[in-house]
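Computed from heavy atoms alone, side chains included, the values below leave out hydrogens, waters and symmetry copies. A, B, ... follow the sequence lines: proteins, then strands. Residue 1 opens every chain.
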There are 2 protein chains.
Amino acid sequence: MPTTRATSEPPQTGRGRRGQRVSGDEREAAILATAERLLEEARPLADISVDDLARGAGISRPTFYFYFPSKDAVFLTLVDRLVQQAAVGQGDLRERLAEDPAKRWREALTVFYETFGAHRAVVIAGAQARTSNPEARALWSEVMEGWVADATLAIEAERERGAAPAGIPARELAIALVSMNERVLYATFADDAPAIDGERVVEVLLDVWLSAVYGRGEIPN
Amino acid sequence: MPTTRATSEPPQTGRGRRGQRVSGDEREAAILATAERLLEEARPLADISVDDLARGAGISRPTFYFYFPSKDAVFLTLVDRLVQQAAVGQGDLRERLAEDPAKRWREALTVFYETFGAHRAVVIAGAQARTSNPEARALWSEVMEGWVADATLAIEAERERGAAPAGIPARELAIALVSMNERVLYATFADDAPAIDGERVVEVLLDVWLSAVYGRGEIPN
DNA sequence: GGATCTGTCAACACGCTGTCGAGAAGCATG
DNA sequence: CATGCTTCTCGACAGCGTGTTGACAGATCC
């Protein structure tokens, strides 16, 4: 499926076109912009055709293939961008260790909520792509893995300094909590199923994180 | 898309064919069986064509449409079944109220793990269908809503009898926890991304449920 | 002023979905 | 045992979407 043309190709700019300088960069940008625009209208990802993308960018369908190897690659690029954006927002927090933990955790959750909330359409498309596109799945796995690693370290640090009690392996806990974040935020953004209101979602997630990390699951009675 | 033929139709048996007695029931069953079998091989749902289903059941493609209105309807039926199965398994627990809460919660989680774990392929297909098929999305929403309602009641009951402390609205907490279950179990079954080992997953989920419901998120220091 | 890029598209080959119309196959009943 | 009704079956078609090919225009460099 990749069918990456075997012509002499430099470093490879992004996930898109393989050429380098030419003004055609605008075209690439136009395709991306069209994709995001269409996602905000035509609901399901599958309902957007290569032709829609091409026409939206003012080119023909074959020309589209000059810039991107497939429709999915376009959305992959969109998701890629967003993920990097979130990583940047998170970056600052990583250093500032625990001193006012609750505040730190809330900040971290807020960054996710805001970064992804600002591009709901892309988030939703990403979730769709993930189920059908192996590359998308791999990308998202990697991203989640990163968050889990961060959370694991944070939990372990809190345990070591005596702030949090010992408990199940930090990594397992981190996976459960990060997964919860993913699913709950998705539902909130997609206004799907039983969802938590946007105003409340960070508060609710924080509550679960704090009790899971710092609380003991002791049952009275 | 439904295009339900307007011929005189009785009650409507399931989501499938509209006829009634005839031996063609075997055909319907064969299609369903083929669907589940193919899901266990050909990875993505999208890679299974109506033709595959038809051939697998020993009929031609047009004949398939006599039994099911579309490919999705077949998978919907599969999911429907599974969900009902899980409801049955859960049913017993609902009555037996809280006396050994930890044990009860563990049992409930175990039922999900085992019921869905026994049909991973269907679970995975359901998740895929949900992203692209409105009907599937609605069905799953309903199911989740049911679990959330149960969990909400259980949490409120525990709070009323003084076993659990007051906290954020029970429904919000229930949504977060049920969502976590969904996502984490899915990852485990699909062996996706950062996943928790099957042997451990119930234990881990239980731990988070117990601390979220019974614990206080107080941070020392 | 020819070689060589980048960029562009009409036309094609193919695969999949869903429908239509022409029947077989079963089973009543007069 | 026709005759008719319903159930069931499929060949053939229309339509849409993808991805590829091949021809060709305009820069640009030498």
Side-chain angles (χ1 to χ4, degrees), chain A residues 1-13 16-31 35 38 42 44-76 128-129 132-133 135, chain B residues 1-13 16-31 34-35 38 42 44-76 129 132-133 135:
Chain A
M1 188 171 281
T3 321
T4 7
R5 296 192 194 174
T7 46
S8 64
E9 287 164 17
Q12 177 133 0
T13 318
R17 175 168 108 278
R18 13 285 174 270
Q20 56 272 53
R21 46 273 173 92
V22 205
S23 78
D25 275 341
E26 296 157 21
R27 287 280 145 88
E28 194 168 324
I31 293 174
L38 289 181
L45 174 64
D47 280 14
I48 298 174
S49 71
V50 170
D51 205 63
D52 294 332
L53 257 23
R55 289 195 181 289
I59 55 178
S60 74
R61 214 162 51 74
T63 300
F64 166 91
Y65 288 102
F66 179 82
Y67 293 99
F68 289 93
S70 73
K71 185 174 60 172
D72 283 356
V74 177
F75 299 111
L76 256 281
Q128 286 176 221
S132 61
N133 182 310
E135 214 182 330
Chain B
M1 188 170 281
T3 319
T4 6
R5 296 192 194 175
T7 46
S8 63
E9 288 165 17
Q12 178 131 357
T13 318
R17 174 166 107 281
R18 10 291 173 268
Q20 55 273 52
R21 45 267 171 95
V22 207
S23 78
D25 275 342
E26 296 157 21
R27 287 279 145 88
E28 194 169 324
I31 293 174
T34 303
L38 289 182
L45 175 63
D47 279 14
I48 298 174
S49 71
V50 171
D51 204 63
D52 295 332
L53 257 24
R55 289 194 182 289
I59 56 178
S60 74
R61 214 163 51 75
T63 299
F64 166 92
Y65 286 102
F66 179 82
Y67 293 98
F68 289 93
S70 74
K71 185 174 61 172
D72 283 356
V74 178
F75 298 112
L76 256 282
S132 60
N133 181 311
E135 215 183 329

Can you find a pair of side-chain heavy atoms, one from [X] and one from [Y], that are under 4.5 Å apart?
{"X": "B:Arg27", "Y": "B:Phe66", "result": "no"}
{"X": "A:Phe64", "Y": "A:Val74", "result": "yes"}
{"X": "A:Leu53", "Y": "A:Phe68", "result": "no"}
{"X": "B:Phe75", "Y": "B:Asn133", "result": "no"}

When you measure from the side chain of A:Lys71 to the backbone N and O of A:Ile48, does any donor-acceptor pair fall under 3.5 Å?
yes
For A:Ser49, does its backbone N or O pair with a side-chain atom of A:Asp52 as donor and acceptor, under 3.5 Å?
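Here the side-chain-to-backbone pair exists.
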Between [atom2] on [N] and [atom1] on [X], what's the gap in Å once rounded to a whole number?
{"X": "A:Asp47", "N": "D:dC16", "atom1": "CG", "atom2": "C1'", "result": "13 Å"}
{"X": "A:Asp72", "N": "D:dT18", "atom1": "CG", "atom2": "P", "result": "10 Å"}
{"X": "A:Phe64", "N": "D:dT18", "atom1": "CZ", "atom2": "P", "result": "9 Å"}
{"X": "A:Phe66", "N": "D:dT21", "atom1": "CZ", "atom2": "C1'", "result": "15 Å"}
{"X": "A:Ile31", "N": "C:dG7", "atom1": "CD1", "atom2": "P", "result": "12 Å"}
{"X": "B:Glu28", "N": "D:dT9", "atom1": "CD", "atom2": "C1'", "result": "16 Å"}
{"X": "A:Tyr65", "N": "C:dG7", "atom1": "OH", "atom2": "P", "result": "19 Å"}

Taking DNA chain C as the partner, which of residues 50-62 of chain B come within under 4.0 angstrom of it by heavy atom?
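DNA chain C contact set from residues 50-62 of chain B: B:Val50, B:Arg61, B:Pro62.
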Side chain to side chain contact (heavy atoms under 4.5 Å, CB included) against A:Ala129, all qualifying residues, sequence neighbours excluded:
A:Leu45, A:Ala136
Are OP1 or OP2 of C:dT8 and a side-chain N or O of A:Tyr67 less than 4.0 angstrom apart?
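Yes, within the criterion.
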B:Ser49 side chain N/O closer than 4.0 Å to the phosphate oxygens (OP1, OP2) of C:dC16?
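Looking at the OP1 and OP2 atoms of C:dC16, neither is under 4.0 Å from any side-chain N or O of B:Ser49.
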Shortest side-chain distance from [X], nucleotide among [options]:
{"X": "A:Arg27", "options": "D:dT18, C:dT8, D:dT9", "result": "C:dT8"}
{"X": "B:Lys71", "options": "D:dC8, C:dT17, C:dG7", "result": "C:dT17"}
{"X": "A:Ser70", "options": "C:dG7, D:dG19, D:dT18", "result": "D:dG19"}

Euclidean distance, B:Ser132 OG relative to A:Asp47 CG, rounded to 0.5 Å:
9.5 Å
Please report, to 0.1 Å, the donor-acceptor pairs under 3.5 Å made by any side chain of residues 55-62 of chain B, with sequence neighbours excluded.
from: B:Arg55; atom 1: NE; to: B:Asp51; atom 2: OD2; distance (Å): 2.9
from: B:Ser60; atom 1: OG; to: B:Thr63; atom 2: OG1; distance (Å): 3.1

Tell me the bend of the helix from C:dG1-D:dC30 to C:dG30-D:dC1 as the angle between end helix axes, each from five pairs, rounded to the nearest 10 degrees.
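Result, rounded to 10 degrees: 20°.
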